[in-house]
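Notes to accompany the following structure.
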Protein chains: 2
Amino acid sequence: MSEELPALPWDRSRRRAAPVRVPLTPERIVDAAYVVLDREGYDKLSMRQVAAELGVAVSALYTHVSSKDELLELMYLRLFRGWEVPDPDPARWREQVAEFAREGLDRLRRHRDLARISMVGVPFSPEVLPQMEKLVTIFRLAGLPDPVAARAGDLLSTLVDAFAFEESIWQDRYRDSSDFSWTKVSETFQQYFEDLPPDRFPNLSALAPHMVSGSQNDRFDLAVEIVIRGLASFVEEAATAGESGDRSAPAGEPR
Amino acid sequence: MSEELPALPWDRSRRRAAPVRVPLTPERIVDAAYVVLDREGYDKLSMRQVAAELGVAVSALYTHVSSKDELLELMYLRLFRGWEVPDPDPARWREQVAEFAREGLDRLRRHRDLARISMVGVPFSPEVLPQMEKLVTIFRLAGLPDPVAARAGDLLSTLVDAFAFEESIWQDRYRDSSDFSWTKVSETFQQYFEDLPPDRFPNLSALAPHMVSGSQNDRFDLAVEIVIRGLASFVEEAATAGESGDRSAPAGEPR
DNA sequence: CAGTCTGCTGAACGGTGTTCACCAGAGGTG
DNA sequence: CACCTCTGGTGAACACCGTTCAGCAGACTG
């Protein structure tokens, strides 16, 4: 980078004030796309908005990114950057799985509507595999039978994605009412369930206090807990039934 | 409806051949939208296509349907038309829950990309409540504690939606390869996992045979089974712990 | 028969993703 | 130092999209 004095204002030999020309890269485009996403939301995330954010013509984007779909895929991959899953500890597998789920949810919540993008992301890219490997390792060391261990990660990430997705939808739906808050939404729906005719919906109205109460986190934690308990039942089953045949031992920590 | 003889072909007193003018209704619009959806898929489902399907100007739709979002919501509600959830039978609650999930998945699979619409549908409309009531009743009679029973239905339908959604995404991704089949896709991915370097991904490659094997239905059934087992653990917990206090008994079948 | 009113038409507005001819400017070469 | 090439921008265009609106035709009402 050559050290150059600023152009004198009246020096017409220089073409423009300071073109400087930071080179365009996929990286910078994704940065700008995230800025647009956070400010405008998924529905208004357009190539034109991203280009405007960079002060660049729309068509310039297409030399670095082949389509909007590819841009979304690149944004999706950011999700996994710097995501360190702790080393498997069989004694704490339940906590580790729950923490994994919470980390996923937190990451999806870091940017508005990110879950909308994540839901269509391809979950098998090289960037994602390390986390998958760790998660699968946790499941195998916990004692899950292989067919279950292989799919448990899939189930869990589907759940995380779907939960964040629904959160995003609800947030969008109520965004116009300027002071959005989950407590207000949940109050509204609690009222709705309470007002249901008890003769036609005896259980729904009886459960009104529980249908939407608690924080979003509570709701999520319960869902994860249900899944973990379901997985645990397979562990117990394998432990009692499989005393005899020793399956191929799962590999501990990859080196 | 007046009985009228067909116009003589040379009778020029009649304005057009047979305008007939079937009146436009939300119902017919939704019909046409489903035709377009099945033929073109979600991405190409546009108001213009729907209007063309009906042989009508685009703007005509807007007198019956206030926006595309409303049209999608109406399409979503069709999901629940004629969906009869069997009366709760506590002895068979696991089977009943599994059947409910399968019925939901089957309905979502009846139309291409329907899950994409379902995922953003509001699940509290009056059309949906009867099924919810039945499902919640099943959960309460099964012995689930109220806070869990209240959210179990939510978890289950989220799971069904998300599963069908992902299926839809994958189908779209491989639609161009004209002879799409799940078995071919799963073979491709099985190969992918087998080719993973075993030193970096020991468990992922060890589980390659299980990662994507089996039918989509197997995959789904296992996920549902995991959730049901998780729910069952709450039933057992409540049965052993709650011998003393008798909670308000859940109402059996609404009349 | 006149009048109103409902429900459709066609055109338009402002947006979208994507493509393409063109061109400026940096880099290397003679 | 002049020239040439070639990378990576520009701006206009295409074919769509959801939505709105003035106008009009035909059926119903008085």
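No experiment lies behind these values; they were computed from the predicted model shown. Keep in mind that the numbers below use all heavy atoms, side chains included, and drop hydrogens, waters and symmetry copies. Numbers restart at 1 for each chain; the letters A, B, ... are given by sequence-line order, proteins then strands.
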d(CG, A:Leu61; C1', D:dG11) in whole Å: 14 Å
Short side-chain to backbone donor-acceptor contact, A:Tyr34 and A:His111, under 3.5 Å: no
Spacing of A:Glu166 atom CD and A:Asp161 atom CG [to the nearest 0.5 Å]: 11.5 Å
Nearest-angstrom distance from the residue atom CE of A:Met47 to C1' of D:dG11: 16 Å
Output field: ring centroids A:Trp170/A:Phe165 closer than 6.0 Å: no
Test item: B:Tyr192 side-chain N/O and A:Phe124 main-chain N/O as donor-acceptor pair under 3.5 Å: yes
For DNA chain D, the residues among residues 34-41 of chain B that have a non-hydrogen atom under 4.0 Å from it: none
Polar contact flag, side-chain donor to acceptor under 3.5 angstrom, A:Ser213-A:Gln190: no
Modelled atom types, side-chain donor and acceptor of B:Glu194 and B:Ser205, under 3.5 Å: no
Atom-pair distance (CG on A:Leu71; P on C:dT16), nearest Å: 14 Å
Measure all distances between protein nitrogen or oxygen atoms and nitrogen or oxygen atoms of nucleotides 5-7 of chain C, and list the pairs falling under 3.5 Å.
none

By salt bridge (Lys or Arg N to Asp or Glu O under 4.0 Å) - contacts of B:Lys184 (at least two apart): B:Asp179
Residues forming a salt bridge (Lys or Arg N to Asp or Glu O under 4.0 Å) with B:Arg48, sequence neighbours excluded: none
Closest to side chain of A:Tyr62, choosing from C:dT9, C:dT18, D:dT19: C:dT18
Listed once per pair and sorted, the salt bridge (charged side-chain N to carboxylate O under 4.0 Å, His left out) pairs that draw on residues 106-124 of chain B, sequence neighbours left out: B:Asp43-B:Arg116, B:Glu103-B:Arg107, B:Arg109-B:Glu167, B:Asp113-B:Arg116, B:Arg116-B:Asp172
Contact pattern, 5' to 3', of nucleotides 10-15 of chain C - B, S or - by protein heavy atom under 4.0 Å: B-B---
Between C:dT16 (C1') and A:Asp69 (CG): distance, integer Å: 14 Å
B:Phe139 side chain reached by B:Val97 side chain, heavy atoms, under 4.5 Å: yes
Nearest-angstrom distance from the residue atom NZ of B:Lys44 to P of D:dA15: 14 Å
Integer-rounded Å distance: D:dG18 P and B:Glu70 CD: 15 Å
Aromatic contact, B:Trp182 with B:Tyr174 (centres under 6.0 Å): no
